[in-house]
> 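Here it is, the structure in full.
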Amino acid sequence: MQDVINNLPKLAKDKHKENKTFFAKLKKKPPKQLDYIMQDLHEAEFERTDCLECANCCKTTGPLFTPKDIERIAKHFKMKQKQFIDAYLSLDEENDYVLQSVPCTFLGADNYCSIYEVRPKACREFPHTDRKKFQQISNLTLKNVAICPAAYNIVEAMKQNIKT
């Protein structure tokens, strides 16, 4: 798995122009059944993919924390929200709360998340390949294929299954 992760940024870079063109066409004329196609591709990929073998998203990027995330996770730790923010988060250039550092503070050496049951919405939904109106998040998907082997495979499967 580590070889796949190590090669992913180069693979994604090599496919970037092709993927960008594909997504531009997809945005102009999305198939009527795109959400269902994406759901099927997503589910098929995650039957083969074990995120615990990888955890590259947790090792290389940090999620945005919504106010609800902060409230839920602080409650989980029996902390006041301000204490949680001061201990773990910082504001980014867009004024969003993000982790103070990566890899994620909550990621264990075994790739398990210590706050899995209360993890941020962004973590629960990553890599966002089963999101409704998928064509609207093409820029995010282009970034995620360089981080997540499953997202990379899903985009490759999309290009085989969806004619633009």
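Counting from 1, the numbers follow the sequence of the chain as shown.
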> Rounded to the nearest 0.5 Å, what separates atom OG1 in Thr61 from atom CG in Asn56?
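It comes to 8.0 Å.
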
> Are any side-chain N or O atoms of Glu18 and backbone N or O atoms of Lys15, one a donor and one an acceptor, separated by less than 3.5 Å?
no

> Tell me, do Leu41 and Glu45 make a side-chain contact under 4.5 Å, heavy atoms counted?
no

> Charged N to carboxylate O below 4.0 Å: is that the case for Lys121 and Glu125?
yes

> In terms of hydrophobic clustering (I, L, V, M, F, W, Y; side-chain heavy atoms under 4.5 Å; direct or indirect links), are Phe126 and Val98 co-clustered?
no

> For a side-chain contact (heavy atoms from CB on, under 4.5 Å) check, start with the C-alpha distance between Asp130 and Gln39, then their side-chain angles and the critical distance, and finish with the verdict.
CA-CA 5 Å; Asp130 60 345; Gln39 191 76 43; 4.0 Å; yes

> Does NZ belonging to Lys17 count more than 12 external heavy atoms closer than 6.0 Å?
no

> To the nearest 0.5 Å, how far apart are NE2 in His42 and CZ in Arg131?
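Here the interatomic distance stands at 11.5 Å.
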
> Using salt bridge (Lys or Arg N to Asp or Glu O under 4.0 Å) as the criterion, list what pairs up with Asp69, not counting sequence neighbours.
Arg72

> Suppose the criterion is side-chain hydrogen bond (donor to acceptor under 3.5 Å, both in side chains): which pairs have a residue in residues 84-95, not counting sequence neighbours?
Lys82-Asp86

> Measure across Asn161 and Ala157 and return the closest heavy-atom pair with its distance rounded to 0.1 Å.
ND2-O, 2.7 Å

> Determine whether more than 12 heavy atoms belonging to other residues, nucleotides or ligands lie under 6.0 Å from atom NZ of Lys143.
no

> State, yes or no, whether a side-chain contact exists between Cys113 and Cys58 at a heavy-atom distance under 4.5 Å.
no

> Is there a path from Leu8 to Ile154 through hydrophobic residues (I, L, V, M, F, W, Y) whose side chains come within less than 4.5 Å of each other?
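Yes.
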
> Transitively linked via ILVMFWY side-chain contacts under 4.5 Å: Ile162 with Leu140?
yes

> Identify which one of Leu142, Asn144, Val145, Thr129 satisfies the side chain to side chain contact (heavy atoms under 4.5 Å, CB included) criterion when paired with Val155.
Val145

> If we ignore hydrogens and angles and just use 3.5 Å, is the side chain of Thr49 paired with the main-chain N or O of Ala150 as donor and acceptor?
no

> Aromatic rings Phe84 and Phe65: how do their planes relate, parallel, tilted or perpendicular, breaks at 30° and 60°?
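The arrangement is tilted - the two ring planes meet at 30° to 60°.
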
> Ignoring hydrogens, what is the shortest heavy-atom contact between Lys159 and Asn19? Give both atom names and the distance.
NZ-OD1, 2.6 Å

> Given side chains that start at C-beta, do those of Phe134 and His128 come closer than 4.5 Å, heavy atoms only?
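Not touching, per the 4.5 Å side-chain cut-off.
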
> Spell out, as yes or no, whether a donor-acceptor pair under 3.5 Å connects the side chain of Arg124 to the backbone of Arg119.
yes

> Would you kindly confirm whether Leu64 and Ile73 end up in one hydrophobic cluster when ILVMFWY residues are joined by side chain heavy atoms under 4.5 Å apart?
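No, Leu64 and Ile73 fall in different hydrophobic clusters.
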
> Could you walk me through whether Lys68 and Glu71 pass salt bridge (charged side-chain N to carboxylate O under 4.0 Å, His left out), step by step?
CA-CA 5 Å; Lys68 280 190 177 359; Glu71 180 182 351; over 6 Å; no

> To the nearest 0.5 Å, what is the distance between NE2 on His76 and CD on Glu117?
9.0 Å

> Within a 6.0 Å radius of atom NZ on Lys59, are there more than 12 heavy atoms belonging to other residues, nucleotides or ligands?
yes

> Got a second to check how far Leu99's CG is from Leu107's CG, nearest 0.5 Å?
10.5 Å

> I'd like to know whether Ser138 forms a side-chain contact (heavy atoms from CB on, under 4.5 Å) with Leu26, so could you lay out the CA-CA distance, the side-chain angles of the two residues, the decisive distance to 0.1 Å, and finally the verdict.
CA-CA 9 Å; Ser138 58; Leu26 189 68; over 6 Å; no

> What's the verdict on side-chain contact (heavy atoms from CB on, under 4.5 Å) for Leu34 and Lys133, showing C-alpha distance, side-chain angles and the deciding distance?
CA-CA 8 Å; Leu34 181 62; Lys133 297 186 179 166; over 6 Å; no

> How far apart are the closest heavy atoms of Ile147 and Cys57, and which atoms are they?
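Minimum heavy-atom separation between Ile147 and Cys57: CG2-CA, 3.7 Å.
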
> Within a reach of under 6.0 Å around CZ of Phe77, are more than 12 heavy atoms found that belong to other residues, nucleotides or ligands?
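Yes.
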
> Run the numbers on Gln81 and Lys75 for side-chain contact (heavy atoms from CB on, under 4.5 Å), then give the verdict.
CA-CA 8 Å; Gln81 291 180 40; Lys75 186 177 178 183; over 6 Å; no

> Under a 4.5 Å side-chain heavy-atom rule over Ile, Leu, Val, Met, Phe, Trp and Tyr, are Met1 and Leu52 clustered together?
no

